[in-house]
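This is a predicted model, so every value here is computed, not measured. A, B, ... follow the sequence lines: proteins, then strands. Residue 1 opens every chain.
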Number of protein chains: 2
Amino acid sequence: MNKPAGAMSYDELRGAIAQRHRALSGRLQQIAEFVLDHPTDVALGTVAEVAQRSGVPPSAIVRFAHALGFGGFTEMQQVFRSRLVAGVAPSYKARLARMKSEEKSVLGRQPAAVLSRFVSEAQSALVTLSQSVHARELDAATAILAKARDIYLLGLGGSFPVAIHLAYVLRKLGRRVVLLDGTGGSIHEQSHAATTEDALVAISFRNYYPDTARLFPELVARGVPTISITDSLLSPIVEGASVVFEIQDMPEPALRTLVAPMCLVQAMAIGLDLAAD
Amino acid sequence: MNKPAGAMSYDELRGAIAQRHRALSGRLQQIAEFVLDHPTDVALGTVAEVAQRSGVPPSAIVRFAHALGFGGFTEMQQVFRSRLVAGVAPSYKARLARMKSEEKSVLGRQPAAVLSRFVSEAQSALVTLSQSVHARELDAATAILAKARDIYLLGLGGSFPVAIHLAYVLRKLGRRVVLLDGTGGSIHEQSHAATTEDALVAISFRNYYPDTARLFPELVARGVPTISITDSLLSPIVEGASVVFEIQDMPEPALRTLVAPMCLVQAMAIGLDLAAD
DNA sequence: TAACAAATGGAATGAATATTCTAATCTCAC
DNA sequence: GTGAGATTAGAATATTCATTCCATTTGTTA
């Protein structure tokens with residue numbers, strides 16, 4: 001009788017409702033108006049709740065869903081829920097597209113396709129970054145760095161490029177930097193001189209490098225102010241940190257582009273320099 | 001035993017989970033990690049679904065909610081749903097906040113404004129990258145790397161993070177890599193063993209690091225196939241290179257985010273791996 | 001090694017939910 | 001005013017769901 005209505009986007013559903021509105025019966029029109037005005041209620045509520053808020057009996061809600069071609073309320077609700085999901089996770093679409101191109105393995109293997117995949121992934125990582133980092137955290141981080149005598153950098157394994165880059169930029173800006181790279185011995189010795197007058201920037205993503213997990217608590221215990229950049233609040237460099245930047249949705253180690261953390265440390269360093277004048 | 005947990009924001013809940021994570025039992029820790037990584041699944045799923053996706057029995061999910069001070073899963077789920085609701089209508093409030101921070105960016109000194117500047121700059125760098133890199137060059141580059149016995153990496157100064165990252169990824173993929181970093185002596189010695197059977201990836205941007213400019217021609221003269229990543233066709237690592245990737249519009253050294261070259265080398269490495277099968 | 005405590009998994013339970021069914025009501029044409 | 005068809009509301013039902021309970025396993029201390 002109707003469209004398939006199975007895989008329907010929220011916008012398509014809105015259009016369909018608006019189109020059929022006139023042809024619907026009285027009660028059903030009333031429901032149509034309510035669901036268009038309160039899509040969130042429909043997405044999260046039960047039939048009884050939606051019924052009560054829109055002032056109709058529960059069965060009318062189900063009839064409404066049927067009239068739109070759905071098998072029932074639950075089916076229609078999925079469409080309203082997809083709207084919520086889309087709003088909260090803009091990286092969802094890109095990630096989905098990436099999965100698809102990965103499935104088309106033959107095409108996905110051409111180096112050019114691989115590059116565009118990483119580019120689009122990096123794009124969404126940047127969007128997520130700018131949304132998830134709050135001004136308060138950045139201010140706190142630059143304040144810590146501004147007061148620091150020496151800035152210690154801890155980022156091993158896959159995070160090492162980020163630490164190197166931050167070291168480079170900070171030194172260019174005239175800051176005293178100690179890069180904990182473990183060259184020529186233990187990083188424990190390298191970090192031995194760190195005091196409460198200094199600061200530590202720690203960078204670590206899954207799987208967390210063991211040395212990082214070991215050294216970080218030591219420096220925290222010694223009272224060194226710390227800024228952590230990581231991918232989960234459960235990582236070993238969160239507890240005791242003065243400021244934590246959480247960068248979500250980091251891909252597995254071999255697939256990371258480090259785009260988001262690179263941008264973040266860059267902004268930290270330059271922000272520090274500009275604020276210092 | 002715990003906080004009220006009744007009216008709790010999503011961010012507060014995240015913090016609470018992170019805080020208690022260590023004190024939780026094994027299964028509960030596993031669940032903690034899952035819910036922090038998949039908040040949307042928790043918001044919209046049933047106990048059975050969440051249990052299946054996180055690989056635990058349903059009862060463990062309920063115990064997890066109890067451990068956090070909630071009366072049950074449903075109660076905890078409300079907090080996760082509030083996140084979806086908050087994210088769905090950001091247009092007004094977020095846009096307003098963004099405008100304000102952009103206005104302040106006239107001052108340009110707020111760290112948050114600095115971050116958004118770097119993010120947008122990185123975005124355009126990525127667009128430029130995907131437009132300027134052609135499939136032919138990428139294919140040629142992966143072909144060179146595929147044939148190479150050892151892969152030598154040369155990227156000093158500001159380009160060092162890119163070289164480090166490429167070394168990391170290639171090694172993860174099982175390639176033999178020699179990173180020319182000059183540790184413990186001259187990079188000339190480190191590169192002494194390179195032959196025509198090997199390959200060199202050179203990365204250099206203005207101002208071109210002197211050692212790079214000196215070493216590159218040597219290896220070219222010895223017949224080592226070379227892939228160059230640089231910002232100008234006039235750079236010292238272009239002449240004699242087998243493949244050249246030109247990344248335009250690189251900002252001055254202290255301001256670069258290295259986003260474009262990081263993506264490029266990543267795509268090269270993964271493309272190499274996929275093509276090798 | 002033994003005994004205890006904590007934690008776990010899975011089945012049982014009772015509540016909540018969507019859906020269906022049927023009698024009653026309304027609408028409209030004649 | 002009357003009858004036919006469509007529409008509605010509310011109770012009945014079958015399903016899904018969260019929660020609880022208990023036997024078993026796991027880890028720890030003596």
- Does any pair with a residue in residues 44-53 of chain A pass side chain to side chain donor-acceptor pair (under 3.5 Å), and if so which ones, sequence neighbours excluded? A/Asp41-A/Arg53
- Cationic N near anionic O, under 4.0 Å, A/Arg214 to A/Asp211: yes
- Item | Gap between atoms CD1 and P, on A/Ile61 and D/dA9 respectively (whole Å) | 10 Å
- Message: Tell me whether A/Tyr209 at atom OH has more than 12 heavy atoms from other residues, nucleotides or ligands lying less than 6.0 Å away.
- Response: no
- Item | Results of ring pair (Phe, Tyr, Trp, His ring centres under 6.0 Å) for A/Tyr208 - residues two or more places apart only | none
- How does each nucleotide of nucleotides 13-23 of chain C score, in 5' to 3' order, for protein heavy atoms under 4.0 Å: base (B), sugar-phosphate only (S), or none (-)? ----SSBB---
- Query: Side-chain contact, heavy-atom cut-off 4.5 Å: A/Met268 with A/Phe245?
  - Reply: yes
- Item | DNA chain D contacts made by residues 27-38 of chain A, counting heavy atoms under 4.0 Å | A/Arg27
- Please check if atom CZ in B/Arg22 has more than 12 non-hydrogen atoms from other residues, nucleotides or ligands closer than 6.0 Å. no
- Query: Taking the six-membered ring for Trp, are the ring centroids of B/Tyr168 and A/Phe160 within less than 6.0 Å of each other?
  - Reply: no
- Query: Who are the ring pair (Phe, Tyr, Trp, His ring centres under 6.0 Å) partners of A/His134, not counting sequence neighbours?
  - Reply: none
- Item | Under-4.0 Å salt bridge between A/Arg206 and B/Asp37 | yes
- Item | A/Val224 side chain near A/Glu197 side chain, heavy-atom distance below 4.5 Å | no
Using a cutoff of under 3.5 Å, can you pull out all pairs of nitrogen or oxygen atoms linking the protein to nucleotides 22-27 of chain D, with atom names and distances?
none

- Tell me: CZ of A/Phe64 to P of D/dT8, nearest whole Å? 12 Å
